[in-house]
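Below is one structure; the comments refer to it alone.
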Amino acid sequence: MFDVQTLLILIPVLPLAAALATAALGTRLLRGRSHVPVVTAIALSFVASILLVFQLQERIDERAAQPGSSRAAGVEEVVARWSWINVPDAMPHPVDGRAETPGWGNFNIEVSLRADPLTAVMLAMVTCISMLVAIYSIGYMRGDPGYWRFFAYVGLFVFSMTMLVSASNFLLLYVFWELVGLCSYLLIGFWYERPAAAAAGKKAFLVNRIGDVGFVLGIFLIWTTFGTLDFGGVFQSVGQHAGDWRVTAICLLLLLGACGKSAQFPLHVWLPDAMEGPTPVSALIHAATMVTAGVYMIARCTPLFAAAPDAQYAVALIGGITALLGAVIAITQTDLKRILAYSTISHLGYMFVALGTGTLLGITAGMFHLITHAFFKALLFLGAGSVMHAAGGVIDIRRLGGLRRRLPVTYWTFLAGCLSIVGVVPLAGFWSKDAILLSLHDRSGLFGGGLFEILYLTTLLGVVLIDFYMFRPLFLVFHGQEKIPPEAGDHLHESPGSMTAPLVVLAFGSVVVGAYFEWTHGFAHFLSFTPSFECLAQSGHAAIDTADKWRVATIGSVLTAIGIAAAAMLYLGSGKAVARLARAMNVFGLYSLSYGKFFFDPIYNVLVVWPLLSVARLAAWFDCMAIDSLVDRCGRIPKLAGAALRPAQNGLVQFYALAMVFGVLVLLGIMLM
Amino acid sequence: MDVLLLTTLFLPLAGALLLGGDRNWARWGALAIALAVLGIAVVLVARYPGGTAPFASTDWPWLDWTAAPIDVRFSVALDGLSLWLFALTALLMVVAVLVGWEAIKEQAPLYYRLLMALETGMLGVFVARDIILFYVFFEFTLIPLFFLIGIWGGRQRRWAAMKFFLFTLAGSVLTFLGLLAVVLWVYYHPAPEAASGRMTFSIAELTAALGDRPMDPTMQIWIFLALFAGFAVKAPLWPLHTWLPLAHVEAPTAGSVLLAGVLLKVGVYGFARFSLPMLPQAAATLMPWLLWISLAGVIYGALVALAQSDIKRLIAYSSVSHLGFCTLGIFAANRLSVAGGVLQMVNHGLATGGLFAVVGMLYERFHTREIADFGGLARRFPRLAFFTLVLTLSSIALPGLAGFAGEFPLLVGVFQRGWAGDAAPHALQLRAIAVLSLAGVVLGAWYMLWMYQRVFFGPERTGDKNRGSGIGDRGSGYEALDISNPKSQIPHQQISGSLSTNPDPRIPNPDPHTAGPYHFPKGEGTIRDLSPREICCLTPLVVMIFWIGLQPGFFLDRMRPTLDDLIAPVTRACETASDLPTADRIPNPESPNPEPPLQ
Amino acid sequence: MHPEIALLNDFLLVGAALFGVGLIGFVSRRNMIVMFLSVEIMLQGVSLSLAAWGRFHNDFGGQTLVLFIIAVAACEAAIALALILTLFHRRCSLDIAAWHFLREANQPPFRDVPLPEEPAERREPWPRLPPAGVRPETFGEKDKYRPRV
């Protein structure tokens with residue numbers, strides 16, 4: 001019906017057109033119906049994405065059916081529409097005998113999209129979650145004065161995100177990397193009249209900008225090293241640069257960019273603040289899609305990272321630190337959305353860890369977790385939104401309680417999300433978490449195993465912590481004594497159908513999607529045909545020992561069960577046990593650290609923001625008092641020179657005459673000499 | 001075509017001489033002329049064939065008396081370097097006429113005549129193909145702007161106008177000496193076969209002659225520095241920038257728009273037109289210094305902008321930062337960086353010109369420019385917020401908008417200068433510069449977004465609240481300006497002795513600032529969102545920003561052949577220079593690799 | 001020595017002497033009339049040398065110039081005397097030191113002897129006609145400033 005190229009173009013263009021239409025007509029024509037074009041377009045995009053997946057699957061089947069060269073090449077199709085910039089021979093050829101890629105130095109940036117399994121999976125996930133969130137927003141945002149604006153932004157975001165995952169060169173990736181950042185900025189600051197929202201938007205943009213500087217430097221270095229920015233060209237020639245320090249530098253710089261976008265350890269501070277945005281935005285952008293862009297980018301750049309093992313360790317290390325950090329902070333937070341935000345940070349950390357293993361198993365596991373995480377985290381956020389909607393905007397879990405009977409649909413779907421995220425057999429979270437554990441376990445035997453051994457243990461610790469921080473809000477908000485904040489009024493009720501329907505769909509997905517992918521082996525097989533992963537397939541490794549599989553799965557499940565039991569004992573009982581535990585933890589200052597979010601914000605304020613602002617003030621002062629006053633002093637030089645000559649102008653005619661005479665005499669003297 | 005080009009020069013000049021009548025006649029006449037020039041500019045751009053040959057050229061003898069061998073010609077033409085700057089000027093002039101439509105009430109005919117004169121001067125600078133003609137236009141732009149600032153400016157207008165005029169003039173006199181030195185050098189070193197003995201002032205001929213018979217390097221450096229004096233003041237490069245914030249803040253809105261949009265570019269244009277192709281050896285030798293100065297401007301301008309409390313001042317300092325980027329690109333002198341640098345000039349003209357127009361619109365409504373006086377304007381002024389957002393985002397180089405299309409190739413080029421395989425001498429310095437210049441990008445996002453957030457987001461701030469909390473003494477733009485600027489008292493007293501002792505009763509005081517802080521009138525309808533006129537004023541800028549952002553290739557392709565010609569001598573000079581032994585070059589004589597791999 | 005050259009020598013000597021006397025007079029005297037006379041003497045010295053040179057070269061250019069100088073000097077005398085008269089009316093003094101307003105603003109005035117101050121109320125130098133016929137209408141204070149003239 002539609003070929004791959006048409007689909008690939010349709011997927012981003014439809015939401016863009018809808019967004020523009022909404023922006024143009026929203027205020028006058030559409031008003032309360034502003035969601036119609038955007039939701040329709042995203043739904044169509046979703047259908048197109050599914051079609052794309054099927055088309056690629058067909059090709060893979062064909063490829064697999066061919067005998068012999070079944071794994072020789074991945075499946076991809078690139079469609080280039082127009083040339084953004086074309087500067088031929090922009091860079092001279094290298095003189096030091098380094099390898100050259102074909103087309104070296106042609107700064108030809110095309111708006112080119114690619115279809116390969118990795119992109120197709122991301123496209124399907126993004127459009128699916130976006131569609132559900134957009135439907136949810138119909139109910140959630142109803143009555144907001146910026147209703148049309150919200151949907152225009154969402155349409156723009158879906159366009160940017162789909163373009164991001166289907167971009168086929170680094171510059172285009174960066175372009176949409178920034179554009180999703182812009183959408184994030186606009187949507188975080190959607191309620192711009194709240195200073196906190198406006199400040200959070202700015203903070204998100206700036207922290208991302210710091211990461212983007214790394215990304216841009218990485219792109220520059222890719223350009224000077226490979227002479228091209230096209231994925232294909234770079235990935236093909238990376239093999240000739242193995243061991244080059246430049247490749248390691250490129251990977252570390254790209255990692256910095258990914259850290260910014262995916263809220264990883266030093267740059268994670270913006271994500272919790274981003275929760276100032278409307279809850280659907282948190283679910284869509286800051287849980288399911290945009291924040292996974294960093295993971296996607298690292299997966300996409302697998303050939304680069306494969307050529308730089310040091311950078312892979314860095315990815316894994318940062319992922320491990322972040323995973324633990326996020327989990328520890330999440331345990332003590334009291335804002336439901338922030339708990340979820342830290343949980344997101346932690347889970348993104350797991351994905352980084354998985355990618356850092358650098359094996360096909362690990363990368364598939366990371367992408368697998370990305371997909372399942374998108375489902376259950378979007379579900380949890382939307383559930384939290386549903387609670388907020390019912391409770392009049394209150395989100396502090398200490399002020400809520402026993403809402404189980406009031407909000408039955410929300411409760412059951414939230415419970416499904418919780419069970420899935422902590423990894424209860426056989427829900428989705430279990431399979432992806434298990435895949436990550438397995439990849440770590442698998443890697444820990446190989447070279448550099450020490451790091452992965454530690455990470456494996458860290459991840460197991462995380463498996464316990466997650467039970468605590470996910471079941472704590474569940475128990476506090478939905479169980480126990482009924483607590484209804486006064487803001488809710490006396491009409492606390494379940495959300496409308498447009499909000500609960502996406503919850504149910506997402507809950508269904510959270511339950512079955514993992515099992516489906518795992519049992520059919522479809523996901524890993526599908527992904528392994530991505531051209532970027534060819535380098536891994538060639539290296540290859542022994543099949544996983546079945547015994548290992550069982551051992552890891554058992555350990556994970558047992559730990560989860562223990563954790564849930566402990567959390568239930570702790571939080572379903574009276575608060576005394578919790579308080580005792582908190583005191584015990586605070587002996588080492590752990591509780592304060594966790595509650596204070598490890599004091600990243602104040603530390604950054606002291607280390608970065610204040611010094612910079614002080615330097616800025618100093619520079620302003622210097623500009624005024626030093627440079628400018630120097631200029632003004634220079635301006636006074638003629639005046640001073642004039643003052644020296646002034647006495648000669650004494651107003652006496654005779655003096656002037658005498659001066660004239662002397663002048664003539666001097667001239668005469670000169671002439672005579 | 002040549003007739004069209006001449007029309008663009010002489011039509012505004014005719015306007016400058018003939019416009020008169022009352023305010024309405026004058027402003028409609030000025031608008032008609034500006035639109036006509038814009039229309040002609042569009043036709044010229046559309047017909048521009050590309051390539052390196054000058055387009056629409058006119059070449060008349062001008063000062064060629066027989067007694068001396070001087071051959072000054074009235075020679076104008078368009079080429080790839082000037083094409084977009086020319087079009088930008090024509091576009092911004094329409095904006096400038098529209099932006100003061102209501103605000104200029106006193107002496108309007110004179111105002112519009114000066115604007116028209118300024119337009120002739122600015123267009124002339126970009127199309128002149130003769131050094132003397134160039135210099136005439138170069139200086140001629142000063143005079144109308146001097147009066148525009150001095151008559152219709154803010155409170156310190158006279159001091160600002162004088163400082164602007166003298167500072168720029170002092171620099172450009174040296175530039176003139178440098179240009180004459182170039183002419184004389186070529187005159188006294190004629191080609192061996194030529195025996196004409198004619199002293200040519202034609203830029204193309206001089207460039208070609210200096211390409212054939214390069215000056216000796218020491219001489220090049222001296223002449224380069226002389227040219228640098230004027231162009232660097234005009235650009236303005238750090239630390240010669242201090243006239244800029246003052247002039248911007250005090251100028252009427254149209255003056256700020258044109259100053260930022262066009263006149264600053266004249267300096268950078270001069271570098272690209274004269275310094276690089278004529279003195280390539282000096283450009284190659286001085287490259288690290290020039291880049292360091294540009295980088296200092298980038299970072300310093302951004303830092304100072306961060307500390308400003310006045311919107312107009314903030315944008316003025318952001319201009320220092322952005323122009324630093326432009327010169328960074330020009331001085332790095334490779335294909336990408338120069339193309340990006342020239343495109344960045346156009347983008348800066350659009351975005352910053354637009355931002356100054358926005359500040360003017362805010363000022364017309366609220367009579368203050370203090371950031372602290374604003375807040376939450378997005379609710380009542382959604383259109384203004386939208387336009388400002390686009391301009392702001394373009395200014396911080398968001399992809400898809402114009403700023404990115406210029407800045408990215410520019411930075412790639414700068415990076416390439418230090419990191420590509422053919423690393424020039426001073427590679428370490430160049431590398432450091434390339435990396436540090438990105439700090440300007442982050443800081444740029446910081447101050448612009450912070451400004452936007454404080455003005456348009458947050459709870460709505462109104463004058464009523466100011467009055468209630470008794471902070472009226474901070475409310476007015478001028479008092480606050482005096483507080484924030486400890487120097488602002490000094491010049492005012494200084495000029496009161498010299499310039500303002502003779503108050504001209506015909507020149508009214510255009511400041512409406514004698515009143516206290518602005519108070520929002522009661523009732524919603526009093527201060528409205530953008531009027532159709534103001535939308536007409538900003539829309540072309542935004543459209544151009546999107547166009548350049550989405551299709552920079554269209555713009556780059558037309559300028560690249562010319563730019564390649566211009567930088568070819570520098571590239572050659574750099575190649576020969578890299579054979580010279582240099583102290584800070586990476587010493588690695590054994591290995592063919594300049595940098596050994598770390599592992 | 002050739003008699004013509006001797007004659008030229010004599011004339012030039014007298015001319016130089018006249019010029020020197022005039023110069024010394026101009027620099028040393030403070031009476032404006034005398035200064036003006038000194039200038040005229042200098043002019044005559046120059047005229048004399050011109051005439052001498054004209055004779056020496058047998059060329060009428062010198063004499064022509066002298067005639068010009070005489071004509072210009074006549075005009076100049078008229079203007080100069082008128083100026084001096086005006087200045088005298090202002091200060092009631094012919095001392096050139098009474099006029100030092102051309103000095104720079106912050107320079108002290110050069111005074112060797114005390115100068116007469118400008119009278120606070122000047123006597124208006126209007127023409128005084130003998131009374132005849134009807135006494136003209138006067139406007140009191142206003143007449144002093146001649147508002148209608």
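Lettering follows sequence order; numbering is per chain, from 1. Basis for what follows: all heavy atoms, side chains included, without hydrogens, waters or symmetry-related copies.
At distances below 3.5 Å, not a single donor-acceptor pair connects side-chain atoms of A:Asn106 with backbone N or O atoms of A:Asn108. A donor-acceptor distance shorter than 3.5 angstrom exists from the side chain of A:Trp270 to the backbone of A:Gly260, with no hydrogens or angles considered.
Proximity to chain B (any heavy atom under 4.5 Å) is shown, for A:Phe622, by both the backbone and the side chain. Residue contact with chain A, scored on non-hydrogen atoms closer than 4.5 Å, involves the backbone and the side chain of B:Ala405 alike. The contact between B:Trp450 and chain A is made by backbone and side chain atoms together, counting heavy-atom distances below 4.5 Å. For chain A, no part of B:Phe554 is nearby; none of its heavy atoms comes within less than 4.5 Å. With a 4.5 angstrom heavy-atom cutoff, B:Leu411 touches chain A via backbone and side-chain atoms both. Contact of A:Phe107 with chain B is made through the side chain alone, with heavy-atom distances under 4.5 Å. Within the 4.5 angstrom heavy-atom criterion, only side-chain atoms of B:Leu393, from C-beta onward, approach chain A. Heavy atoms of B:Leu166 lying under 4.5 Å from chain A are absent altogether. Of the two parts of A:Val609, the backbone and the side chain both hold a non-hydrogen atom closer than 4.5 Å to a non-hydrogen atom of chain B. For B:Phe456, the part lying under 4.5 angstrom from a heavy atom of chain A is the backbone only. Proximity to chain A is absent for every atom of B:Phe555, based on heavy atoms less than 4.5 angstrom apart. For B:Asp564, no part sits under 4.5 Å from any heavy atom of chain A, backbone or side chain. For A:Ala196, no part lies under 4.5 angstrom from a heavy atom of chain B. Both the backbone and the side chain of A:Val87 come within contact range of chain B, each with at least one heavy atom under 4.5 Å from a heavy atom of that chain. Both the backbone and the side chain of A:Pro88 come within contact range of chain B, judged by heavy atoms closer than 4.5 Å.
Using a 4.5 Å cut-off on side-chain heavy atoms (C-beta onward), A:Phe176 and A:Ser160 make contact.
Heavy-atom pairs under 4.5 Å with chain A were tallied for B:Trp238, B:Tyr317, B:Phe408; the largest tally goes to B:Phe408. Heavy-atom pairs under 4.5 Å with chain A were tallied for B:Pro382, B:Ala439, B:Ala445; the largest tally goes to B:Ala445. Considering only heavy-atom pairs separated by less than 4.5 Å from chain B, the leading option among A:Ile109, A:Leu612, A:Val615, A:Leu618 is A:Leu612. Among the candidates B:Val304, B:Val442, B:Leu389, the residue making the largest number of heavy-atom pairs closer than 4.5 Å to chain A is B:Val304. For chain A, the option among B:Gly458, B:Pro245, B:Gly553 with the highest count of heavy-atom pairs below 4.5 Å is B:Gly458. Listed options B:Leu443, B:Leu438, B:Leu306 were ranked by heavy-atom pairs under 4.5 angstrom with chain A; first place goes to B:Leu438. Comparing A:Gly201, A:Gly181, A:Gly635, A:Pro195 by heavy-atom pairs within less than 4.5 Å of chain B, the highest count is held by A:Pro195. Contacts with chain B were tallied for A:Leu171, A:Leu186, A:Leu179, A:Ile219; A:Leu171 has the most, counting heavy-atom pairs under 4.5 Å. Interface check for chain B: of the options A:Asp623, A:Ile627, A:Asp212, A:Leu630, the most heavy-atom pairs under 4.5 Å are formed by A:Asp623.
Between B:Phe415 and A:Phe220, the ring-plane angle classifies as tilted under the 30° and 60° cut-offs. B:Phe164 and B:Trp243 have tilted rings, their planes meeting at an angle from 30° to 60° on a 0 to 90° scale.
Residue A:Trp223 qualifies as enclosed at atom CH2: its count of foreign heavy atoms under 6.0 Å is above 12.
A:Lys202 has no carboxylate O lying under 4.0 Å from a charged side-chain N of A:Asp273, or vice versa, which leaves the two without a salt bridge.
Nearest heavy atom pair, residue A:Ile210 against residue A:Leu256, reads O-CD2, 4.3 Å. Scanning all heavy atoms of the two residues, the minimum distance from A:Ala19 to A:Leu156 falls at CB-N, 3.5 Å.
A:Trp191 and A:Asp144 share a donor-acceptor pair across their side chains, judged by distance under 3.5 Å alone. Between the side chains of A:Glu110 and A:Trp82, no donor N or O sits under 3.5 Å from an acceptor N or O. Counted by atom type alone, B:Ser337 and B:Asn334 present one or more donor-acceptor pairs between their side chains at under 3.5 Å.
Remark: A:Arg149 qualifies as a cation-pi partner of A:Phe190 under the 6.0 Å distance and 45° angle criteria applied to the six-membered ring.
For an aromatic pair to be called close, the ring centres must be under 6.0 Å apart, and B:Phe404 with A:Tyr174 satisfies this.
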